[in-house]
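Working notes, beginning with the structure itself.
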Protein chains: 2
Amino acid sequence: MEYTVVVRMNGKLFLRDPESSELGRRIVRQGIQLMAEIGFEEMTFRKLAERINTKEASIYRYFENKHRLLVYLVAWYWQWLEYQVLFQTNNLTDSREKLERILKLLLLKDLSALNVSTEADDMDIPALHSIVIQEASKAYLTHHVTEDNREQLFKPYKDLCSRIAGIILEYRPGYPYARSRASSLIETAHYQAFFMQHLPSLTDFDPESQNPVGDKDPLLTFLRHLLFSSLDTARF
Amino acid sequence: MEYTVVVRMNGKLFLRDPESSELGRRIVRQGIQLMAEIGFEEMTFRKLAERINTKEASIYRYFENKHRLLVYLVAWYWQWLEYQVLFQTNNLTDSREKLERILKLLLLKDLSALNVSTEADDMDIPALHSIVIQEASKAYLTHHVTEDNREQLFKPYKDLCSRIAGIILEYRPGYPYARSRASSLIETAHYQAFFMQHLPSLTDFDPESQNPVGDKDPLLTFLRHLLFSSLDTARF
DNA sequence: GCAAGAATGATAGTTTTACTATCAGTTAAG
DNA sequence: CTTAACTGATAGTAAAACTATCATTCTTGC
């Protein structure tokens with residue numbers, strides 16, 4: 001039996017719900033492809049409109065502007081990921097194992113082994129993941145964060161962090177930095193993935209050949225090390 | 001006796017060396033102020049030109065575009081910071097103490113106690129620091145990272161990471177993730193500072209009232225905890 | 001002190017992006 | 001089958017992101 005992940009988005013994220021029409025769905029699906037291909041700054045609504053054989057003005061009926069589209073896409077990804085975390089950790093008793101699952105989800109690793117479809121709702125999850133790596137921080141690194149935050153645009157990200165923080169506390173009751181630990185885990189996973197790909201000298205991971213310890217996913221090993229060394233450390 | 005930090009910049013970072021003329025210096029100094037005030041995306045060369053009573057075209061003689069100005073500013077900051085790290089750690093024998101100094105420098109804390117002038121070369125270091133927190137990742141999170149990297153635009157950042165990685169290895173010989181540890185330390189310091197200020201629920205630090213453990217700089221405490229727990233952990 | 005060269009100012013222009021308005025035609029829902 | 005909602009098509013504005021040109025000023029070497 002197949003369940004579709006119903007990702008219901010906050011109404012502030014769009015002008016008209018893109019999931020409510022064929023055109024809206026194309027804007028989102030093709031928006032993901034285009035942004036993954038040419039990057040956020042190079043993308044324009046005009047180019048996207050051409051790609052899906054519609055007009056700029058039609059896209060503006062769904063999203064106020066390009067930045068809001070980005071915010072929508074990353075919010076969607078965070079909601080999807082939170083759902084996966086929920087699903088993957090729900091019936092586990094070992095909280096260490098829960099954290100292990102989270103690490104893999106963050107890197108989009110072993111999804112098939114975890115029975116995660118990478119085509120939820122027809123969304124191209126790997127493409128979205130690469131957008132999140134390259135562009136997600138531009139969603140909040142703006143001069144208008146505060147207003148955007150007031151409109152709850154970052155709620156999915158906060159919810160994901162909260163959920164991870166909860167599991168951290170389950171693993172290590174009383175840990176005083178659960179939320180910062182969760183947010184820095186997520187951010188580090190993404191920055192390091194970006195560096196590994198584009199500025200490898202900032203990392204110890206060679207995307208090509210073999211690596212320091214000769215394991216097949218050194219970034220995962222690194223994140224695991226960082227996370228558990230901080231959680232397993234002595235008193236506070 | 002006063003030493004001026006001579007920050008000699010890579011020629012690829014500009015069209016004409018802004019330090020070679022009064023106008024160039026004003027572009028950089030006032031560029032820092034303006035970008036810190038209104039943010040990278042809101043800033044335009046026209047606004048900057050008006051502010052310093054010159055013309056858009058004159059600024060274009062120094063910098064190819066706004067993005068290059070940003071890259072220049074953050075490169076300057078990394079070079080300044082690397083110099084500070086060098087200077088602050090040079091005559092220390094205890095490598096733990098070196099790392100402690102680095103943590104404080106990253107957060108721009110206790111500079112007066114460390115005898116660091118915040119007006120090196122008339123540059124407004126705190127303003128630059130806030131630009132680095134909000135905007136620095138936009139310098140490399142682009143579709144043209146690879147070309148920019150080929151032109152050595154990120155060398156100052158890499159050099160800083162290398163230096164910190166070196167000190168990490170001094171503290172913990174054989175640590176297999178020195179470079180990733182260094183880059184993630186820097187990044188974590190900055191986005192946690194950003195979150196603390198703008199999205200505090202992603203952190204455990206309340207910029208206003210008291211905090212989890214009641215210390216006066218919980219972010220510093222958190223970074224110290226993260227860094228040393230990973231370095232002091234068992235075998236690899 | 002003056003001539004040549006470099007830097008700047010002033011003006012004006014182009015192209016692209018970002019966005020808005022309007023209205024006719026098409027589709028879908030009651 | 002009618003009315004409201006949606007889309008397409010056209011057109012437009014404002015601002016951003018540049019580029020070009022030339023006169024003027026400011027140096028600097030001779």
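In what follows, chains carry the letters A, B, and so on, assigned in the order in which the sequence lines appear, proteins first and then strands, with residues in each chain numbered from 1. FYI, side chains are in, hydrogens and waters are out, and symmetry mates aren't considered; it's all heavy atoms of this structure.
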Open item on the list: Using five base pairs at each end to define the local axes, how bent is the helix from C:dG1-D:dC30 to C:dG30-D:dC1, to the nearest 10°?
Closed with: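 About 30° separates the two local helix axes.
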- [ ] Name all pairs fulfilling the ring pair (Phe, Tyr, Trp, His ring centres under 6.0 Å) condition that reach into residues 30-58 of chain B, sequence neighbours left out, sorted by first residue then second.
- [x]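 Pairs touching residues 30-58 of chain B that pass the test: B:Phe45-B:Tyr60.
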- [ ] Using a 4.0 Å cut-off on protein heavy atoms (strictly under), produce a 5'-to-3' string for nucleotides 17-30 of chain C with B for base contact, S for backbone-only sugar-phosphate contact, and - for none.
- [x] SBBBBB--------
Separation of [X] atom [atom1] from [N] atom [atom2], in whole Å?
X: B:Arg68; N: D:dC18; atom1: CZ; atom2: P; value: 11 Å
X: A:Asn53; N: D:dA9; atom1: CG; atom2: P; value: 9 Å
X: B:Arg16; N: C:dG5; atom1: CZ; atom2: C1'; value: 12 Å
X: B:Lys55; N: D:dA17; atom1: NZ; atom2: C1'; value: 17 Å
X: B:Leu23; N: C:dA10; atom1: CG; atom2: C1'; value: 14 Å
X: B:Asp17; N: C:dA6; atom1: CG; atom2: P; value: 17 Å
X: A:Glu22; N: D:dA5; atom1: CD; atom2: C1'; value: 17 Å
X: B:Ile52; N: C:dA10; atom1: CD1; atom2: P; value: 13 Å

Open item on the list: I want to check one thing: is the phosphate of C:dA7, taken as OP1 and OP2, less than 4.0 Å away from some side-chain N or O of B:Tyr62?
Closed with: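 No, no such contact exists.
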Task: Side-chain N or O of B:Ser58 closer than 4.0 Å to phosphate OP1/OP2 of C:dA7 - done: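 No.
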Open item on the list: If you count every heavy atom of other residues, nucleotides or ligands that lies below 6.0 Å from B:Lys104 atom NZ, does the total exceed 12?
Closed with: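 Counting neighbours around NZ of B:Lys104, 12 or fewer heavy atoms of other residues, nucleotides or ligands fall under 6.0 Å, so no.
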Open item on the list: Does B:Lys155 have more than 12 heavy atoms from other residues, nucleotides or ligands lying within 6.0 Å of its NZ?
Closed with: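 Count not over threshold, so no.
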Side-chain H-bond candidate by donor/acceptor type, [X] with [Y], under 3.5 Å:
X: A:Tyr177; Y: A:Ser184; value: no
X: A:Ser180; Y: B:Gln192; value: yes
X: A:Glu187; Y: B:Thr188; value: no

Task: A:Arg51: partners by side-chain hydrogen bond (donor to acceptor under 3.5 Å, both in side chains), with sequence neighbours left out - done: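 So A:Arg51 forms a side-chain hydrogen bond (donor to acceptor under 3.5 Å, both in side chains) with A:Gln30, A:Glu37.
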TODO: With sequence neighbours excluded, tell me which residues meet salt bridge (charged side-chain N to carboxylate O under 4.0 Å, His left out) with A:Lys55.
DONE: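 Listed in chain order: nothing, the list is empty.
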Task: Pairs touching residues 65-74 of chain B that satisfy side-chain hydrogen bond (donor to acceptor under 3.5 Å, both in side chains), sequence neighbours left out - done: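 Listed by first then second residue: B:Arg68-B:Glu151.
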